[in-house]
Amino acid sequence: MKLPASPRVLALANQKGGVGKTTTAINLGTALAAIGEEVLIVDLDPQGNASTGLGIDRKSRSVSTYDLMIGEASVAEAAVATNVPQVSIVPSTLDLLGVELEISASADRAHRLRAAIGAMGDDPRLDKKFTYVLVDCPPSLNLLTINAMTAAHSILVPLQCEFFALEGLSQLLHTVEQVKQSLNPELTIHGIVLTMFDSRNNLSAQVVADVRAHMGDAVYETIIPRNVRVSEAPSHGKPVLLYDFRSTGSQAYLRLAAEIIQRERRLRAA
């Protein structure tokens with residue numbers, strides 16, 4: 001099954017929790033929409049934080065990524081509009097916790113998400129033509145994350161500026177390589193985004209230097225700072241770009257979106 005040329009599918013993955021995956025998915029999606037892209041976020045984390053952070057309450061999640069993964073709903077049936085123009089989301093519920101057991105015996109268990117995304121182009125019920133799909137992965141390397149990697153063109157890795165950052169990265173890169181060899185030969189690392197950078201902390205600067213030394217051009221120039229407004233925004237059901245556009249966090253995510261678009265152009269031209 002060949003990956004669809006459009007939309008571009010990026011999986012945000014890191015098996016460590018609290019590194020800024022969901023925050024990056026929400027705000028990158030909003031920033032991409034602000035520069036004209038039509039964005040679908042797929043919340044593949046049973047905690048459902050991306051759904052909450054975009055203002056989708058639990059009562060509005062009657063159809064979710066669980067239904068998508070067990071083959072009982074299409075993207076057209078599961079996607080809901082958010083308060084952010086040009087951003088939709090397939091929300092998540094705790095039902096997703098049981099999906100691994102339900103599909104583990106199926107031959108296509110690693111391809112469920114790719115099939116759902118691939119079917120979007122032929123679905124007349126879908127009234128939007130998405131140009132980007134961002135998949136917010138759970139904080140583990142389980143079957144849900146494998147589905148995201150199998151469906152994706154590229155992996156975007158949020159990496160917190162902390163002491164053990166590189167330790168977790170090597171395990172993730174090993175999993176990406178395994179998926180590339182067995183399930184999705186076109187998979188690439190789109191880039192590594194350094195998050196929660198604290199300019200007052202010498203360790204943060206050292207982590208940035210170490211990650212750049214090890215990963216080179218794979219690391220985006222843009223660094224996401226530790227920012228109070230970024231932390232506050234989800235409790236209001238908004239991306240930080242809508243909550244406080246002028247904050248340093250908002251401006252960093254706009255720069256990241258611009259950098260990702262530039263990389264996309266280079267990738268497509270190659």
Side-chain angles (χ1 to χ4, degrees), residues 10-35 41 45 47-50 52-55 84 87 134 136-141 154-173 189-263:
L10 305 181
L12 287 88
N14 190 329
Q15 73 275 18
K16 296 183 78 170
V19 298
K21 271 193 305 293
T22 298
T23 302
T24 299
I26 291 170
N27 289 295
L28 176 59
T30 302
L32 287 168
I35 55 179
I41 294 173
D45 186 347
Q47 296 172 88
N49 291 338
T52 305
L54 282 166
V84 183
V87 176
L134 305 181
D136 186 28
C137 295
S140 57
L141 296 175
S154 291
I155 308 291
L156 195 157
V157 185
L159 202 65
Q160 187 178 353
C161 293
E162 60 161 25
F163 183 64
F164 291 114
L166 277 168
E167 197 173 274
L169 182 61
S170 60
Q171 188 183 355
L172 177 69
L173 296 177
I189 295 288
H190 197 285
I192 296 162
V193 57
L194 293 158
T195 63
M196 303 181 192
F197 177 80
D198 186 347
S199 58
R200 300 163 300 178
N201 185 336
N202 288 337
L203 177 62
S204 279
Q206 187 59 52
V207 170
V208 171
D210 288 350
V211 174
R212 289 201 191 282
H214 279 82
M215 300 303 299
D217 291 343
V219 186
Y220 298 109
E221 286 297 318
T222 305
I223 296 174
I224 309 299
R226 191 178 286 280
N227 179 245
V228 173
R229 305 307 252 175
V230 171
S231 305
E232 289 173 349
S235 66
H236 296 268
K238 291 180 178 179
V240 71
L241 282 153
L242 294 190
Y243 179 63
D244 184 354
F245 182 76
R246 297 181 190 280
S247 72
T248 56
S250 290
Q251 296 305 306
Y253 276 114
L254 282 171
R255 288 195 302 276
L256 178 64
E259 195 174 344
I260 283 171
I261 294 290
Q262 285 176 344
R263 285 199 183 194

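When a residue number appears, it is its place in the shown sequence, counting from 1.
Closest approach of Ala31 and Tyr253 over heavy atoms only: CB-O, 3.6 Å.
Judged by distance alone, the side chain of Lys238 and the main-chain N or O of Gly53 form no donor-acceptor pair under 3.5 Å. Looking at Thr52, its side chain does come within 3.5 Å of a backbone N or O of Gly48 through a donor-acceptor pair. One N or O on the side chain of Thr195 and one on the backbone of Val19 form a donor-acceptor pair closer than 3.5 Å. A donor-acceptor pair under 3.5 Å links the side-chain atoms of Glu259 to the main chain of Thr222, judged by distance alone. In this structure, the side chain of Asn27 engages the main chain of Val240 through a donor-acceptor pair within 3.5 Å. For the pair Asn227 (side chain) and Val230 (backbone), a donor-acceptor distance under 3.5 Å is present.
Here the CG atom belonging to Leu32 is positioned 5.0 Å from the CD1 atom belonging to Ile261, to the nearest 0.5 angstrom. Interatomic distance, CZ of Arg255 versus CD of Glu221, reported as 11.0 Å (0.5 Å rounding).
If you run side chain to side chain contact (heavy atoms under 4.5 Å, CB included) between Val157 and each of Leu194, Thr24, Ile192, only Ile192 comes through. Results of the side chain to side chain contact (heavy atoms under 4.5 Å, CB included) test with Leu134 over Leu156, Val87, Leu28 single out Leu28 as the only residue that passes.
Applying the side-chain hydrogen bond (donor to acceptor under 3.5 Å, both in side chains) rule to Asp244 yields the partners Arg229; only residues at least two apart in sequence or on another chain are considered. Under the rule for a side-chain hydrogen bond (donor to acceptor under 3.5 Å, both in side chains), the partners of Gln206 that lie at least two apart in sequence or sit in another chain are Asp210.
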